[in-house]
Amino acid sequence: RTEYHTVNLRDLKVFKEGEEVTPQSLLEKRLINDLNRPVKLLGDGEIKMPLIFKLHKFSRKAKEAVTGAGGKVEVIS
C-alpha cells in the first residue's frame with residue numbers, strides 16, 4: 001500500500017489563478033513537508049479558479065472540481 005501526502009482543495013487558497021500545482025510548489029508553500037512520498041489531491045473544499053495540477057493521484061471528486069473550474073489535471077509518476 002502506498003502512503004501519500006494528501007492535500008485538499010480547501011488548502012489551495014495560497015495559489016493564484018493559472019499557477020501550476022506540483023509536489024515542489026506544494027513543498028515551497030508548506031502544504032507538504034517533504035518530497036519522499038507521492039501526493040494525492042482530495043476533494044474536500046472547493047476550487048473557483050483554474051489551476052494546472054501535476055500530481056501523482058487525484059480523487060474522482062477532486063478531478064471533477066478542478067476540470068469544472070477550468071483547470072487541468074496531469075498524473076505524474
Straight-line distance of [X] [atom1] to [Y] [atom2], nearest 0.5 Å:
X     : Y     : atom1 : atom2 : value
Thr6  : Ile32 : OG1   : CD1   : 10.5 Å
Glu64 : Ile47 : CD    : CD1   : 13.5 Å
His56 : Arg37 : NE2   : CZ    : 12.0 Å
Lys29 : Asp11 : NZ    : CG    : 13.0 Å

Legend entry - His5 side chain to Asn36 side chain, donor-acceptor N/O pair below 3.5 angstrom: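 Result is no, nothing qualifies.
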For [X] and [Y], which heavy atoms make the closest approach, and how far apart are they?
X     : Y     : answer
Leu41 : Ala62 : O-CB, 3.5 Å
Gly18 : Leu51 : N-CD2, 4.0 Å
Gly45 : Leu9  : O-CD1, 3.8 Å

Same cluster or not: are [X] and [Y] linked, directly or through other Ile, Leu, Val, Met, Phe, Trp or Tyr residues, by side-chain heavy atoms under 4.5 angstrom apart?
X     : Y     : answer
Tyr4  : Val75 : no
Phe53 : Leu35 : yes
Val39 : Val73 : yes

Does any part of the side chain of [Y], heavy atoms only, come nearer than 4.5 Å to the side chain of [X], both counted from C-beta?
X     : Y     : answer
Leu12 : Val7  : yes
Lys40 : Phe58 : no
Glu46 : Lys48 : yes
Leu26 : Val21 : yes
Asp44 : Ser59 : no
Val14 : Leu31 : yes
Glu17 : Pro50 : yes

Legend entry - Basic-acidic side-chain contact under 4.0 Å: Lys54, Glu20: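 Looking at Lys54 and Glu20, the cut-off is met.
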Inset, instruction - For the pair Glu74 and Lys72, find out whether any cationic side-chain nitrogen is under 4.0 Å from an anionic carboxylate oxygen. - result: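 Here Glu74 does not pair with Lys72 in a salt bridge, since their nearest N and O are not under 4.0 Å apart.
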